[in-house]
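Just so we're on the same page: letters track the sequence lines, and every chain starts at 1.
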2 protein chains.
Amino acid sequence: MPTSTVENYLKAILVRSADAGAVVSTGSIAEALGVTPGTITTMVKSLAAQGLVEHQPREGVRLTPAGRAHALGVLRKHRLIETFLVQVLKMDWKEVHEEAEALEHAISDRVLLRIDAILGHPVSDPHGDPIPSPKRPLFDRGKGVTLATCEPQRPFRVQRILDQSGPFLEFIQRTGLKPGARVRVRERDRASGVVRCELGDAEAALGLPEAAKIEVGAA
Amino acid sequence: MPTSTVENYLKAILVRSADAGAVVSTGSIAEALGVTPGTITTMVKSLAAQGLVEHQPREGVRLTPAGRAHALGVLRKHRLIETFLVQVLKMDWKEVHEEAEALEHAISDRVLLRIDAILGHPVSDPHGDPIPSPKRPLFDRGKGVTLATCEPQRPFRVQRILDQSGPFLEFIQRTGLKPGARVRVRERDRASGVVRCELGDAEAALGLPEAAKIEVGAA
DNA sequence: ATTTTGTCTTTGACGAGTCAAAGACGGTAT
DNA sequence: ATACCGTCTTTGACTCGTCAAAGACAAAAT
């Protein structure tokens, strides 16, 4: 059974592969895991020896089907745990990511089954990220309509928050731009880089890069 | 922050110290953790360097106040988790010990607080083991009345199961001798080593060593 | 008083995961 | 074409937790 370090590598590679067969640079993995480039090279060779990735030196890394399957399992655990922490344990939205980071390597499949059942087999976590499952392989590549690109004046519904960092989640919480909220872009000014939008009777302003982190769908 | 290995050593030493200041032999720790004696010696020296234990070579090991405090914290986590798994996640009584063994090193204090609150601050886990807390330091050394020593014919109530092993818990579950059950020793035959007892209108027979693992109290 | 026995400690080694620093490579600029 | 630059790989070293095997000790047996 893979160690928790191996699981973290696989997960990092998975979330960085746009599509199923995409190649990921070792450098981007190094940055994601906060580890020196040399460490990645070493580790990637070991992952390749275990048949979890394929490695083209100086090219990049690609998950094998086995590696992808394992990574999806870890991602599923992570997102189910986040959902559980918020819905059952009533924990704060912005705390659960780091908690799940530790728990995803300690929770057995047996416990996970119970959690999934108690939550009623949810299909997305509190940030709106999809929860992969054997039958729902991770559609992910959505059309990607965000507050930076959606049609102005039309009402939408927040679907997903694409940035898990503390300060950003704090902002989301403060403004109420959480998944499920109804929102309407009132004005988008390319020159100043500001998006002003309306939630119920409140208003919020955010920069274009930040707006691009909020995915929306039909209201 | 101590690694999970360190936590396991401290916990093993704690549950083997009869009283607060008791000395534990390195051999018994080795057996408990399934590790060679040499490993214990090495590790104990490192624990001593961290101020968590005192080590008299060829004598034994004693927890320092800091070591004991940490060990109690781990034990508290373990038992709260077991309780949570049974009561909230509706898991099987005899599975939860090993699950908790992994989870106790991954769950943060924040999550533990939520679990404790949801359970209503329980004072004992599903096996009847006391849950230590800052205000309830672990009275443990009970009088130790068990089915092997209690007065025959008098009704008692099962308080605690002193053996966490799979087959024994299976037996307990089968006969219904779980904490809370009312029980009466019908006959105790020293010669044959058999204790026959009555639960409601059912009956159960068990050996003397096994009877000594079931602690009882006033009905 | 010596030998035996059982427990504890020391020693040398290993795998996992990591870093720092030096080296190799490939693409861009000149 | 040559030099330069940023990225990737190699190398040597370190920590943690572990083992096997050899050595030291203390208490019991003779």
Original post:
What is the distance from CG of A/Leu47 to C1' of C/dA16, rounded to the nearest Å?
Top reply: 12 Å
Original post:
side chain to side chain contact (heavy atoms under 4.5 Å, CB included) between B/Glu104 and B/Asn8: does it pass, once the steps are laid out?
Top reply: CA-CA 10 Å; B/Glu104 68 191 359; B/Asn8 279 334; 3.5 Å; yes
**OP:** Write down the distance between CZ (B/Arg58) and C1' (C/dT7), rounded to a whole number of angstrom.
**Re:** 8 Å
Original post:
Contact class for A/Thr26 (heavy atom, under 4.0 Å): base, sugar-phosphate, or nothing?
Top reply: sugar-phosphate
Original post:
Hey, does B/Ser46 reach any base, or is it just sugar-phosphate, or nothing, if we go heavy atoms under 4.0 Å?
Top reply: nothing
Original post:
Just how far, in rounded Å, is P of C/dC8 from CD1 of B/Ile40?
Top reply: 10 Å
**OP:** Name the closest nucleotide to the B/Pro37 side chain, picking from D/dT18, C/dT9, D/dT10.
**Re:** C/dT9
Original post:
How is A/Gly27 classified with respect to the nucleic acid when contacts are heavy atoms under 4.0 Å: base, sugar-phosphate, or nothing?
Top reply: sugar-phosphate
Original post:
Taking the six-membered ring for Trp, are B/His97 and B/His127 parallel (under 30°), tilted (30 to 60°) or perpendicular (over 60°)?
Top reply: perpendicular
Subject >> Closest-nucleotide ordering on DNA chain C, the 5'-leading residue of B/Thr41 and A/Thr3 >> reply: B/Thr41
Original post:
Stems in DNA chain C: runs of 3 or more consecutive Watson-Crick or G-U pairs, distances under 3.5 Å?
Top reply: C:1-30 with D:1-30
Subject >> Integer-rounded Å distance: C/dC19 P and A/Met43 CE >> reply: 12 Å
Original post:
Separation of A/Ile29 atom CD1 from C/dG17 atom C1', in whole Å?
Top reply: 16 Å
